[in-house]
Amino acid sequence: MDRTGKFFITPLQRIHLNWGTTGTTDGLPRRRHPLECYIPISSSVAQELNLYRGTCFHLANTDFELRVSGSQGENNEFGKNLESLGNLKLLGGYLKDQLGLSPGNTVRVEWLDPNTVEIRKI
């Protein structure tokens, strides 16, 4: 599917921007890196844009890719998060350091071409 020009808008909460340090894993506090972040994808957006788990996109103006992860939908076929591929800290560095995002901010994720997305603070 060609997603060029399509986009979604989502607010970022504390859990999205502080995933590495917020909450628990197996009942224990997370002891991970504070730059581990993700962008949530609603079920309706995932279905509309055919965002399947494992699909990857280049993040414009960076040297890394984003991957659709997690699962949601009737058959758990659609992803529910965008995360940096291979290193969960890359997206956090971009969101926090480059865009200056903090909990409560909203982002627009837009496809510039079939394989490239841009993330902007709105």
Under 3.5 Å donor-acceptor, R3 side chain and L49 backbone: yes

Is the F78 ring parallel, tilted or perpendicular to the Y52 ring (thresholds 30°, 60°)? parallel

How close do I9 and I122 get, heavy atom to heavy atom, and via which atoms? CG2-CD1, 3.5 Å

Just do the side chain to side chain contact (heavy atoms under 4.5 Å, CB included) check on F7 and V107 with the steps written out, would you? CA-CA 10 Å; F7 66 91; V107 293; over 6 Å; no

Test side chain to side chain contact (heavy atoms under 4.5 Å, CB included) applied to F64 and L59, step by step: CA-CA 6 Å; F64 65 92; L59 178 57; 3.6 Å; yes

Heavy atoms only: give me the nearest G92-C37 pair and the separation to one decimal. CA-SG, 3.5 Å

Quick one: does K96's side chain have a donor or acceptor within less than 3.5 Å of a partner on P34's backbone? yes

Across all chains, not counting sequence neighbours, the side chain to side chain donor-acceptor pair (under 3.5 Å) partners of Q47 are S43

Give the minimum heavy-atom separation between I41 and Q72, together with the two atoms involved. O-NE2, 3.0 Å

Are N81 and I39 close enough, and set up right, to give a side chain to side chain contact (heavy atoms under 4.5 Å, CB included), and what steps lead you there? CA-CA 5 Å; N81 306 313; I39 295 174; over 6 Å; no

State which residue, out of T62, L17, L66, fulfils the side-chain contact (heavy atoms from CB on, under 4.5 Å) condition with L91. L66

For Y94 and L99, run side chain to side chain contact (heavy atoms under 4.5 Å, CB included): C-alpha distance rounded to whole Å, both residues' side-chain angles, the deciding distance at 0.1 Å, then the answer. CA-CA 6 Å; Y94 182 77; L99 299 182; 3.7 Å; yes

Here the pair of heavy atoms bringing M1 nearest to E48 is CE-O, 3.5 Å

Candidate pair S84 and N87, rule side chain to side chain donor-acceptor pair (under 3.5 Å), full reasoning: CA-CA 6 Å; S84 43; N87 181 343; 5.6 Å; no

Mind checking the NE2-CG spacing from H16 to L101? Nearest 0.5 Å is all I need. 12.5 Å

Minimum heavy-atom distance D2-P114, with the two atoms named: OD1-CG, 3.4 Å

Any heavy-atom pair between the side chains of L95 and Y38 that's under 4.5 Å? no

Using modelled atom types and a 3.5 Å cut-off, is there a donor and acceptor pairing between side-chain atoms of N75 and backbone atoms of E77? no

Can you name the residues that form a side chain to side chain donor-acceptor pair (under 3.5 Å) with R67, not counting sequence neighbours? E83

If you count heavy atoms of other groups shown closer than 6.0 angstrom to CG of D97, is the number above 12? yes

Apply salt bridge (Lys or Arg N to Asp or Glu O under 4.0 Å) to E110 and R120, showing your working. CA-CA 8 Å; E110 180 175 359; R120 286 188 283 156; 3.3 Å; yes

Close side-chain approach of T10 and T106, heavy atoms under 4.5 Å: no

Taking all heavy atoms of A46 and all of G79, pick out the closest pair and write down the distance. CB-O, 3.5 Å

Hey, could you give me the CD/OG1 distance between E65 and T55, rounded to the nearest 0.5 Å? 11.5 Å

To the closest 0.5 Å, what do you measure between CG (L82) and CZ (F8)? 5.0 Å

Would L35 end up clustered with L85 when hydrophobic side chains under 4.5 Å apart are linked, directly or stepwise? no

Sub-3.5 Å donor-acceptor pair from the side chain of N18 to the main-chain atoms of I15, do we have one? no

